[in-house]
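First comes the structure, then the notes that go with it.
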Amino acid sequence: NKTIEVGQGSLKLLYSSDEGKLTHYVNTRSLVTTAVEQSYGYYSGNDGTDKDPQASGAYVFRPNGTFPIKSENQVPLTFVRGPLLDEVRQQINPWISQITRIYKGKEHAEVEFTIGPIPVDDGIGKEITTQITTTMKTNNTFYTDSNGRDFIKRIRDFRTDWDLEVNQPVAGNYYPINLGIYMQDNSSELSVLVDRSVGGSSLVDGQIELMLHRRLLHDDSRGVGEVLNETVCFLNGCEGLTIQGKYFVRIDHLGEGAKWRRTVGQEIYSPVLLAFTEQDGSNWM
Amino acid sequence: GPNTNKLADALAIAQHHDAVSGTERQHVASDYALRLSIGYMEAERLVASSLAFLAESGSSIRQENTVTNFQQCPLLNISYCPPSEAILSDKKSLVVVVYNPLGWKREEVIRIPVSSEKVVVQDSSGREIESQLLPISNTTFNMRNKYVKAYLGKFPRETPRYWLAFSASIPPLGFSTFMVSGARQTGPSSTISLVHTLEEVT
């Protein structure tokens with residue numbers, strides 16, 4: 001009545017029909033049920049003027065504001081169902097869309113995001129993020145991979161080998177994500193794997209954040225000597241770059257996510273190759 | 001013959017610390033992209049000739065000097081794939097080879113753009129396998145046309161209407177072959193997805 005269920009195998013995602021938002025992740029085989037939400041936001045890039053002369057640029061992440069991106073519902077939420085997979089298609093705003101896929105035989109959700117061109121006509125560079133939010137009590141702790149190898153424990157606002165003075169509460173807790181990121185509490189763990197290198201963190205207990213795209217208007221004066229403002233040109237002019245990528249989300253009971261992170265991580269890194277040719281109907285190859 | 005030397009060179013150059021972290025200048029990024037593209041195209045020819053050798057070595061109807069022409073679809077991410085978009089008939093089939101580079105068996109759902117809503121998918125033994133058609137969204141379609149027009153200098157010839165999805169089981173370090181063809185009017189065909197749109201969201 002108020003809930004739309006997506007997925008025909010063990011994994012189901014529940015959406016509220018009132019708000020058109022993801023509300024729950026349910027695995028009927030492992031009996032995992034978690035309240036979960038997903039959102040988008042951006043950090044405004046520091047412009048390197050006024051009191052703080054260090055601008056955000058290719059090297060330096062120095063946000064000076066955090067802003068949620070509200071769904072403008074220009075195109076309504078669309079659900080596509082069939083025997084092999086279900087899709088949820090969302091146009092978040094004119095320059096962010098995503099498709100969430102649940103395959104019948106898989107126990108993770110695939111999220112394909114398309115972001116860009118990031119508007120900068122307000123004179124503000126933007127670094128676009130997505131957040132996956134649960135009620136998990138993660139005690140300031142999360143784990144990120146080390147160039148695809150071991151997952152290393154990260155504790156917010158803390159370093160194991162020196163006393164950290166926190167000057168940048170966001171940037172100081174960001175890590176490179178090449179394979180994935182996960183967090184856990186005393187009963188479950190939420191894992192996210194990526195198909196490309198991104199930045200990521202857990203700035204709030206129970207929440208994982210990924211930085212998916214960025215477009216900045218100032219050089220950080222740390223060596224590049226150029227603004228991170230990539231454009232793509234068409235016959236009638238140039239515009240900011242549009243990117244498309246995927247991330248994969250799974251929630252397990254505590255201690256049961258490692259096998260998925262390793263096997264599916266390898267499958268994301270080494271996708272199958274497709275090759276095509278033609279043949280006549282009777283001429284079987 | 002084709003080899004992977006140019007791809008090796010492009011990958012070697014892209015190990016520079018600025019390439020890894022994305023802190024290179026734009027004209028350098030463009031050069032990396034160009035070199036990777038040249039390397040990919042050369043490697044694509046090598047893969048095509050290898051697959052042709054594998055496919056024809058098992059064929060009972062192999063003829064002298066026959067070389068099967070395999071194509072890939074590097075722009076599949078924006079739903080552009082000329083071989084699969086061509087209108088299919090029950091006389092002519094599209095052969096899809098799915099190669100698994102990992103050392104374990106995989107179960108994957110393959111998605112390719114097609115123009116027809118009457119298609120049937122068979123495995124290499126001729127057995128029909130379950131498939132699903134998903135309408136291509138306007139967002140995807142518009143992006144595809146914009147980028148492909150820039151790439152080709154004109155709008156693409158075909159207009160795919162659906163993603164065709166089918167399940168593939170692929171052996172370790174091996175490949176599986178599938179045939180996609182136009183279904184007869186009365187015969188079996190892919191299941192068209194149900195689409196439900198939430199019109200009012202608060």
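So that the names make sense, note that chain A is the first sequence line, chain B the second, and so on, each numbered from 1.
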(request) Would you check if the side chain of Q279(A) reaches a backbone N or O of V95(B) as a donor-acceptor pair within less than 3.5 Å? (result) no

(request) Could you have a look at A150(B), S193(B), S84(B) and say which one has the most heavy-atom pairs with chain A under 4.5 angstrom? (result) S193(B)

(request) For W260(A), enumerate each residue passing the side chain to side chain donor-acceptor pair (under 3.5 Å) test, keeping only those at least two apart in sequence or located in another chain. (result) H108(A)

(message) Less than 4.5 Å to any heavy atom of chain B: does that hold for the side chain of E267(A), its backbone, both, or neither?
(response) both

(message) Using heavy-atom distances under 4.5 Å, tell me whether T242(A) contacts chain B through its side chain, its backbone, both, or neither.
(response) both

(message) Is V232(A) close to chain B through its backbone or its side chain, or both, or neither, when contacts mean heavy atoms under 4.5 Å?
(response) side chain

(request) Could you have a look at T263(A), T114(A), L235(A), L228(A) and say which one has the most heavy-atom pairs with chain B under 4.5 angstrom? (result) T263(A)

(message) Counting neighbours of NZ on K12(A) that are heavy atoms of other residues, nucleotides or ligands and sit closer than 6.0 Å, is the number greater than 12?
(response) yes

(request) Side chain from CB out, backbone as N, CA, C, O: work out which of these in L84(A) comes under 4.5 Å of a heavy atom of chain B, or both, or neither. (result) both

(request) Name the option with the most non-hydrogen atom pairs under 4.5 Å to chain A; the candidates are A165(B), P135(B), G22(B). (result) P135(B)

(message) According to ring-ring contact (aromatic ring centres under 6.0 Å, His included), who are the partners of Y40(A), at least two apart in sequence or on a separate chain?
(response) none

(request) Return the option, out of N77(B), D18(B), N100(B), L102(B), with the maximum number of heavy-atom pairs under 4.5 Å with chain A. (result) L102(B)

(message) Need one label for S270(A): side chain, backbone, both or neither, based on atoms under 4.5 Å from any heavy atom in chain B.
(response) both

(request) Sort and list the pairs that fulfil salt bridge (Lys or Arg N to Asp or Glu O under 4.0 Å) and have at least one residue in residues 220-242 of chain A, not counting sequence neighbours. (result) E239(A)-K146(B)

(request) State which residue, out of V88(A), L77(A), T78(A), D18(A), fulfils the side chain to side chain contact (heavy atoms under 4.5 Å, CB included) condition with L198(B). (result) L77(A)

(message) At a heavy-atom distance under 4.5 Å, which candidate from A58(A), G82(A), A275(A) has the highest pair count against chain B?
(response) A275(A)

(request) Could you verify whether a donor N or O on one side chain and an acceptor N or O on the other, from S93(B) and E278(A), lie under 3.5 Å apart? (result) no

(message) Between I4(A) and chain B, with a heavy-atom cut-off of 4.5 Å, which part of the residue counts as in contact: side chain, backbone, both or neither?
(response) side chain

(request) With a 4.5 angstrom heavy-atom cut-off, could you sort out which part of Y59(A) is near chain B: side chain, backbone, both or neither? (result) both

(message) Which residues in residues 23-35 of chain B have any heavy atom closer than 4.5 Å to a heavy atom of chain A?
(response) T23(B), E24(B), R25(B), Q26(B)

(message) Main chain of E107(B), side chain of K106(A): is a donor-acceptor contact present, judged purely on distance under 3.5 Å?
(response) yes

